[in-house]
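Structure first, commentary second.
Because only heavy atoms are used, hydrogens play no part in the values below, and waters and symmetry mates are left out as well, while side chains stay in. Chain identifiers are assigned alphabetically (A, B, ...) following the order of the sequence lines, protein sequences preceding nucleic acid strands; residue numbering begins at 1 within each chain.
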2 protein chains.
Amino acid sequence: MVTITDIAVRCNVSRATVSKALNGHSDISAETAANIRQAAREMGYLPNATARTLKLGRSHNIGVLFVDKTSSGLGHEYFSQILESVKQEAEKSGYDITFISRDIGGLSMDYYEHAKYRNCDGVIVASVDFTDPAVIKLVNSDIPTVTLDYVFDSHSAVLSDNVGGMAELVRYVYGKGHRRIAFIHGEFTSVTQKRLGSFHRTCSELGLTIPDEYIQPATFHDPKSSGLATRRLLELKERPTCILYPDDFSFIGGMNELEKQGVSIPEDISVAGYDGILLSQVLRPRLTTYRQDAEAMGREAARALVEIIERPKEWIPRQTMIPGRLLEGDTVRTIE
Amino acid sequence: MVTITDIAVRCNVSRATVSKALNGHSDISAETAANIRQAAREMGYLPNATARTLKLGRSHNIGVLFVDKTSSGLGHEYFSQILESVKQEAEKSGYDITFISRDIGGLSMDYYEHAKYRNCDGVIVASVDFTDPAVIKLVNSDIPTVTLDYVFDSHSAVLSDNVGGMAELVRYVYGKGHRRIAFIHGEFTSVTQKRLGSFHRTCSELGLTIPDEYIQPATFHDPKSSGLATRRLLELKERPTCILYPDDFSFIGGMNELEKQGVSIPEDISVAGYDGILLSQVLRPRLTTYRQDAEAMGREAARALVEIIERPKEWIPRQTMIPGRLLEGDTVRTIE
DNA sequence: CGTGGTAACTTAATCGATTTCGAAAATTAC
DNA sequence: GTAATTTTCGAAATCGATTAAGTTACCACG
């Protein structure tokens, strides 16, 4: 490997001079600097990120905390899109991405220790159990963090507009003439709480009274539980005219159940999903859903984190709300 | 941060002694070593991976090269599962995962340079254009690499058994009585070539003559193109009785097209997918497909790479074939 | 008692890059 | 022509950990 020393030898200058020239310091003559840069190019010099990190205490490396418990981690398109987007944005600012986990090779460390061990300049936290003490320790540590879809006091977060999204969805459905709207929700996370709250508030704003049985619990990303919830709804004396699912993928379970019972979409019942993943747009009829802008979420999270890292003085905790967009499909029919 | 020096001061020994004690060298008395370890624990000492990397020339960091060109990267469940699995296995051996890309923050580097810059001990290459000169440069460099679903001469690779998988699928369908089997294949990659070759060979072994029109080109992970291919098949004078799709997700396009034309699965036509992603198992009727063992692929790739890294002498290039498994769903009906 | 051996540490160099401080050389000022 | 600046560069310390080589001190053996 070509090092700064090799260049110094060839150019007959000191290592200090090479370093300065390569970093554009002003106390190196233009001529010398040009020489050195030329030599560096010719010799195929690459800075050694490790040495730089050690000396400067900055790794230009961002940790990401994505936990894949079968369903909600990378397996979920929403999160894999966020990850991809975080990566792309981070790269623009010269940062690489490393996964943070516990128990790296025998040494059992918690998230914070792992991030420290790797000298991460910051960590993006998503798709985890935010009540996990290890996560809380990390977030409250000296390492800058940005959380996704969850807010810790006095910390930066990027949030999908679950409240606005759900409101828009309900209003859209209402506008189509639906009055008996059911909502199958995911497990009790802050996301679910927001959507559920928004659902209730919007309904009441619209003057709708939603019977308790129209609110059915299920699990995110789990068609089976959504299928069961769907069945419970179909068994009601007064069936809803529209069902909102926890997410697009879960809707598959509802779709199956409806098919099985001979209830067709949207003639007999209307449905809507949430997320706007690719699948929702290739199904026929196309699923009406609320698209979460995963690309923007990842981008903004990366930007926010880089800002904390690079301008820690000016920084103040900030929550960035990312709006989504209603994707009108063909699964909500108009009722006169 | 607690460093080795802090411990040395507190224990009244030299830094060398601390280092040796912590690494279990034999020339430190049991008593001293115990003292030092105790102090390290109490002080919350964490080794600094960066310093270690710089000194030892080993980063315990593995690069992964996954390119997400809209469809085939992380967006594909197959690859995100592989990634997750690589990560888990690598962690067991004490390695972290970093994404490798080009153009990291202004500096434009190719994959090799990036991996060098970050001192990656090795790189896992998947889901890329294997004819890309930058990829070839990386693979032929001094950095150990393991490729997935592609073989470079004298290099280690982990392969999904596309030949065996396709053969099994065809034989299964044949066993169900089908003689007019169509195959919609993905774009021309080595994977497609293998599947296509295996399809032809197996058919001929079974004494089947497949008309050219039964082989239809499409694109992986693209329901639209598969939908069009499906339509072309349906327009044939003599329709196939069974259609094999390039992958499960693409099948959605076929499903839509069949639905539209009033052709029902599996009564009027049989279908099968490939991959065995979650989606295939939640659709109703459940999709008959060939499950690629992504978890094993990732695991074996990580193992192979770690072996090259840690035992470079004993290592010889090796191709590991990962068998899959037929998932019998309800989309292939029996024909008498 | 002297020599050799060993256990237990320490010293100091090293990995590659950055940066402070100082020094020499060149330029300007008077 | 001398003093004061400025320009340009180098020496050396530093980041945290590892390790080869050297140094004690102690013990054993002939």
Side-chain angles (χ1 to χ4, degrees), chain A residues 1-37 39-40 43-61 94 105 107 109 113 115-121, chain B residues 1-37 39-40 43-61 94 105 107 109 113 115-121:
Chain A
M1 250 199 55
V2 181
T3 72
I4 220 176
T5 309
D6 301 325
I7 301 179
V9 169
R10 162 151 157 186
C11 293
N12 253 315
V13 295
S14 73
R15 285 148 58 215
T17 303
V18 176
S19 173
K20 288 182 191 172
L22 258 25
N23 291 306
H25 288 219
S26 61
D27 63 343
I28 303 294
S29 73
E31 190 187 6
T32 313
N35 260 334
I36 292 174
R37 272 193 281 266
M43 302 170 76
Y45 169 75
L46 270 181
N48 184 317
T50 304
R52 203 175 245 170
T53 298
L54 180 58
K55 177 62 185 160
L56 301 181
R58 281 273 312 279
S59 63
H60 284 273
N61 199 80
L107 320 172
M109 315 192 216
E113 290 170 344
K116 266 292 184 196
Y117 170 70
R118 282 288 177 199
N119 280 286
C120 290
D121 292 336
Chain B
M1 250 198 57
V2 181
T3 73
I4 221 175
T5 309
D6 302 324
I7 301 178
V9 169
R10 161 149 157 188
C11 293
N12 252 315
V13 295
S14 72
R15 285 147 57 211
T17 305
V18 176
S19 174
K20 289 183 187 172
L22 259 23
N23 291 307
H25 288 218
S26 61
D27 61 346
I28 302 295
S29 73
E31 191 188 3
T32 312
N35 261 334
I36 290 174
R37 272 194 280 267
M43 301 172 75
Y45 169 75
L46 270 181
N48 183 319
T50 304
R52 205 175 242 168
T53 298
L54 180 59
K55 178 63 185 155
L56 301 180
R58 281 274 310 279
S59 63
H60 283 274
N61 200 79
L107 320 171
M109 316 191 214
E113 290 170 343
K116 266 293 184 197
Y117 169 71
R118 282 289 176 199
N119 280 285
C120 290
D121 291 338

Among pairs that include at least one residue of residues 16-30 of chain A, which meet salt bridge (Lys or Arg N to Asp or Glu O under 4.0 Å), considering only residues two or more places apart or in two chains? A:K20-A:D27
Once you apply a heavy-atom cut-off of 4.0 Å, does B:T50 come out as touching a base, just sugar-phosphate, or nothing? nothing
Would you mind reading off the distance between B:E31 atom CD and C:dA7 atom C1', rounded to a whole angstrom? 14 Å
Which part of the nucleic acid, if any, lies within contact of A:D27, taking any heavy atom under 4.0 Å across all strands shown: a base, the sugar-phosphate backbone alone, or nothing? base
If I take atom NZ in residue A:K55 and atom P in nucleotide C:dT20, what distance separates them, rounded to the nearest angstrom? 9 Å
Between A:L46 and A:V2, does the side-chain contact (heavy atoms from CB on, under 4.5 Å) criterion hold? Intermediate values first, please. CA-CA 7 Å; A:L46 270 181; A:V2 181; over 6 Å; no
When you check the side-chain N and O atoms of B:N119 and A:N48, is any donor under 3.5 Å from an acceptor? yes
Need one value for A:T53: base, sugar-phosphate or nothing, where a base atom within 4.0 Å counts as base even if backbone is also close, heavy atoms only. nothing
Which salt bridge (Lys or Arg N to Asp or Glu O under 4.0 Å) pairs, counting each pair once, include a residue from residues 4-15 of chain A, with sequence neighbours left out? A:R10-A:E42
Does a side-chain heavy-atom distance below 4.5 Å link A:P47 with A:R52? yes
Heavy-atom pair with the smallest gap, counting every atom of A:A33 and A:A21: CA-CB, 4.0 Å
Within the structure provided, determine whether B:L22 and B:Y45 are in side-chain contact (heavy-atom separation under 4.5 Å). yes
Might you point out which heavy atoms bring B:L54 and A:A51 nearest each other, and give the distance in Å? CD1-CB, 3.9 Å
Find the bend of the helix from C:dC1-D:dG30 to C:dC30-D:dG1 as the angle between its two terminal axes (five pairs each), to the nearest 10°. 60°
By a strict heavy-atom criterion of less than 4.0 Å, which residues belonging to residues 12-22 of chain B are in contact with DNA chain D? B:R15, B:A16, B:S19, B:K20
Any base atoms under 4.0 Å from A:L46, or only sugar-phosphate, or nothing? Heavy atoms, all strands. sugar-phosphate
C:dA17, OP1 or OP2 - any side-chain N/O from A:Y45 closer than 4.0 Å? yes
Are A:N23 and C:dT18 close enough that a side-chain N or O sits under 4.0 Å from OP1 or OP2? yes
With sequence neighbours left out, what residues match A:R58 under side chain to side chain donor-acceptor pair (under 3.5 Å)? A:H60, A:Y95, A:D121
With a 4.0 Å limit, can you tell me whether B:S26 has a side-chain N or O closer than that to the phosphate oxygens OP1/OP2 of C:dA7? no
Check every nucleotide of DNA chain D for an atom under 4.0 Å from a heavy-atom of chain B, then give the first and the last such nucleotide from 5' to 3'. D:dG16 to D:dA21
Step by step, work out the side-chain contact (heavy atoms from CB on, under 4.5 Å) result for B:T50 and A:Y117. CA-CA 8 Å; B:T50 304; A:Y117 170 70; over 6 Å; no
Length of the line joining B:H25:NE2 and C:dT10:C1', which is rounded to integer Å: 15 Å
So, for B:C11 and B:A39, which heavy atoms are closest and what is the spacing to 0.1 Å? SG-CB, 3.6 Å
Using heavy atoms to find the nearest nucleotide of DNA chain C for B:T32 and B:L56 separately, return the residue whose nucleotide is more 5′. B:T32
